[in-house]
Every structure is written in structure tokens, then in C-alpha cells.
2 protein chains.
Amino acid sequence: MKKITIGEAARRSGVKVPTVRYYESIGLLAAPSRSDGNQRSFEPADINRLAFIRHARELGFEIEAIRTLLTLQDDPHQSCASADAIAKARLVEVEQRIRSLMALKAELETMVEGCGHGRVDQCRVIEVLADHGQCTHPHH
Amino acid sequence: MKKITIGEAARRSGVKVPTVRYYESIGLLAAPSRSDGNQRSFEPADINRLAFIRHARELGFEIEAIRTLLTLQDDPHQSCASADAIAKARLVEVEQRIRSLMALKAELETMVEGCGHGRVDQCRVIEVLADHGQCTHPHH
DNA sequence: CTACATCCTCTAGCGACTAGAGATGCAAGA
DNA sequence: TCTTGCATCTCTAGTCGCTAGAGGATGTAG
């Protein structure tokens, strides 16, 4: 078994070095064995786990959700209902966030289009912000 | 002039009481005068300013951007080019975020649809997370 | 043997709040 | 007047998920 340093693990998993240490510190990743000089020595399985975490983070899952997903992965005989529920909840969140951002986009477009590029007292950007009643899109 | 308490200001502007104090502490809102008993006493203009901040925050502007927008509002003879630039930058951010979230949505949908509701070792949610190569959508 | 990159631990900082402790202030009812 | 009870005050510390930096040890190539 050749040793995998933290830098190598970071490169292979796409997780940054300090973040790897951070994940270890919060117990998301088991503490790896150490070299004679006290340097971390990772196993290939650790790389997979880090890549899993990274992918889940990119999908916007919170650390606690990932913790649950990882315990599920560790015990493949369990029902995947929890995993399914977590993913579904995340899907609902994402859908909501998209809807909300679309409304913001529309409002920002109105603001920017209305801007006559003159002085602030005729600026629709400032005006719309100051008076919420001018909001065409009742998103909030 | 009747006094507006912090609670009243919070209710009228839609900004929470501790957040009003926070905005004062970071200099986004001028420190209001105080009553005999050292309680904050706001002016109607403060309510407008708070509402402005709240609206801008809802649109996702960062505090520092809002600080700039507020100084522009305070001096209406300035050119509104900065306000326009800030809003445009925010629009670009929002558009990017929407695109990214659409990709996530698609991936999450694939995961959830593929889940046979059986055991974890056949669960597509876990599987896709573990193996990024299975990602149909190359969003990252 | 010497450079130099990489590693170690530790603490503090980011943004934008939020929560809580413990001490006053204030308005209304008995 | 007294009391009840909510609102307010200041202050510190916590949230999330890292990120930056100090100051030192280790590992490797020439």
C-alpha cells in the first residue's frame, strides 16, 4: 500500500486540503492513519468518500444531510427511504429557489431597463428599491 | 413628533428588531436619538431606509452593495451609473445561479426517479453521489 | 546538505445575522 | 401604589462551511 498524502487526496477528490482536515475535524471523514512524521496517510476509500461529499456539496446538500447519506452508504442493507426523502426535500428547495430567483430576475430586468442613465433622482433602480409598491412581481 | 420605538420600526419596515440594531452597529442606519430611558426613537425616514435595505436584501444585494446604493440615494445629483452597474452585476449573478440550479434540479430528478425504494445498495441517489461519472448533466 | 514544497496544529475571520443572559423601561390593571 | 408582564437595553457567543495566516516540522530533489 503506497501512502496517499493529504495533498494527493485533495487533488484526486477535488476537495481542498484545509477542507479535508475540516471534514475530519467534524467527523465526516474518519481520521486516517499517520506516517512516522505524523502526516496523514489516506486509503483509496477515503478518496471515494471525499468525492462523494464534494459531489453532494455541489448539489447543495447540507453537511448534516451528507452525514446521513454517508451512514446510509456505509450500511447498504438499509432501506433507501431516507436517502430518497433527503433528495426529494432538496429537490423541493431547489425548485422553490428557482421560482424565487426568476421573480428577482424579472424585477432586476425592469429596474435595469427603466434606468435612463441620468441622475439618481430619475433612476428607476433606486426608485424601485425605495418604494416596494412599485414592484410588479409580488414575490415577497 | 411621536416617537417610533424599535419594535414599531421593525413592524413597519419588515426588518426584525435585532437586525435593526445590527444595521445600526455596522453603520448602515444612522444611530437614532434616544428617549429619557435610553430607548431608540426612530423617524419616519428611518423606516423608509429600513424598507429600502430590506427590499435590496430580498433581491440578494450584499450589504456593501446596499451601502453604495444608499449613499447614491442620499445624494440624488450623482450619476446613477453605479446603481445601474450594481443592478446589472446582480442580474448576471442571478441568471447564472438560475442556470446552475436548473442543472441541479435535473440531476436531482434523475436521482429521485431512479430510486426503486428498495435497499440502499440499489439506490440511485447514493449511487449517483458516489460516482460522479454517472452524472448526465455536466454542470460542474 | 541545502532548498523548497508540503505538511502539521492552532486560532481567528468571513457574511449576515440569530440567540441568549441579565438588567432596565414602561404602560395598564387591581 | 404596586405589580405584572412585555419591550427594550447591552453584551457576548453561536450559526454554517469553510478560508487565511502564524509558526513550526517533515519530506524530497538536486
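Note on naming: letters A, B, ... go to the chains in the order of the sequence lines (proteins, then strands), and numbering restarts at 1 for each one.
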Chemist: So B:Met111 and A:Leu59, side chain to side chain contact (heavy atoms under 4.5 Å, CB included) or not? Walk me through it.
Modeler: CA-CA 11 Å; B:Met111 279 166 65; A:Leu59 287 168; 4.2 Å; yes
Chemist: Does B:Glu95 have any side-chain contact (heavy atoms from CB on, under 4.5 Å) partners at least two apart in sequence or in another chain, and if so, which?
Modeler: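 Expected list: A:Lys105, A:Glu109, B:Leu91, B:Arg99.
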Chemist: Run the side-chain contact (heavy atoms from CB on, under 4.5 Å) test against A:Arg11 and tell me which residues pass, sequence neighbours left out.
Modeler: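 With sequence neighbours excluded, A:Arg11 shows a side-chain contact (heavy atoms from CB on, under 4.5 Å) to A:Glu8, given in chain and number order.
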Chemist: Using side chain to side chain contact (heavy atoms under 4.5 Å, CB included), reason through A:Arg49 and A:Asp74 one step at a time and then give a plain yes or no.
Modeler: CA-CA 10 Å; A:Arg49 199 170 175 98; A:Asp74 291 344; 3.1 Å; yes
Chemist: Can you give me the first and the last nucleotide of DNA chain D (5' to 3') that has an atom within less than 4.0 angstrom of a non-hydrogen atom in chain A?
Modeler: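 Contacts span D:dG17 to D:dG27, reading 5' to 3'.
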Chemist: May I ask you to decide whether A:Arg67 forms a salt bridge with A:Glu64, counting only side-chain N to carboxylate O separations under 4.0 Å?
Modeler: yes
Chemist: Using a strict heavy-atom distance below 4.0 Å, which residues from residues 90-98 of chain A are in contact with DNA chain C?
Modeler: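 None - not one residue of the stretch has a heavy atom sitting under 4.0 Å from the strand.
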Chemist: Sugar-phosphate atoms are those with a prime plus P, OP1 and OP2; base atoms are the rest. Using that split, label each nucleotide of nucleotides 4-9 of chain C B, S or - for protein heavy atoms under 4.0 Å, 5' to 3'.
Modeler: ---SSB
Chemist: Roughly how far, to the nearest 0.5 Å, is CD of A:Gln39 from CZ of A:Arg34?
Modeler: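 Atom-to-atom, A:Arg34:CZ and A:Gln39:CD are 9.0 Å apart.
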Chemist: Any donor and acceptor pair, going by atom type alone, linking the side chain of A:Arg12 with main-chain N or O of A:Ala51 inside 3.5 Å?
Modeler: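 No, A:Arg12 side chain to A:Ala51 backbone: no donor-acceptor pair under 3.5 Å.
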Chemist: Assess whether atom CD of B:Glu93 is packed by more than 12 heavy atoms of other residues, nucleotides or ligands within 6.0 Å.
Modeler: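 Result for CD/B:Glu93: enclosed.
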Chemist: Take nucleotides 11-22 of chain C nucleotide by nucleotide from the 5' end and write B, S or -, depending on whether a protein heavy atom sits under 4.0 Å from the base, only from the sugar-phosphate, or from neither.
Modeler: -----BBS----
Chemist: Test A:Leu104 against B:Glu58 for side chain to side chain contact (heavy atoms under 4.5 Å, CB included), laying out the working first.
Modeler: CA-CA 8 Å; A:Leu104 299 195; B:Glu58 278 169 351; 5.8 Å; no
Chemist: Check the hydrophobic clustering (I, L, V, M, F, W, Y; side-chain heavy atoms under 4.5 Å; chains of links allowed) and say if A:Phe42 and A:Leu70 are grouped together.
Modeler: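 Yes: a chain of side-chain contacts under 4.5 Å links A:Phe42 to A:Leu70.
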Chemist: Set out, in order, the CA-CA distance, both residues' side-chain angles and the distance that settles side chain to side chain contact (heavy atoms under 4.5 Å, CB included) for B:Val94 and A:Leu108, then state yes or no.
Modeler: CA-CA 9 Å; B:Val94 167; A:Leu108 283 166; 3.9 Å; yes
Chemist: When you measure from the side chain of A:Arg54 to the backbone of A:Ser13, do you find a donor-acceptor pair of N or O atoms at a distance under 3.5 Å?
Modeler: yes
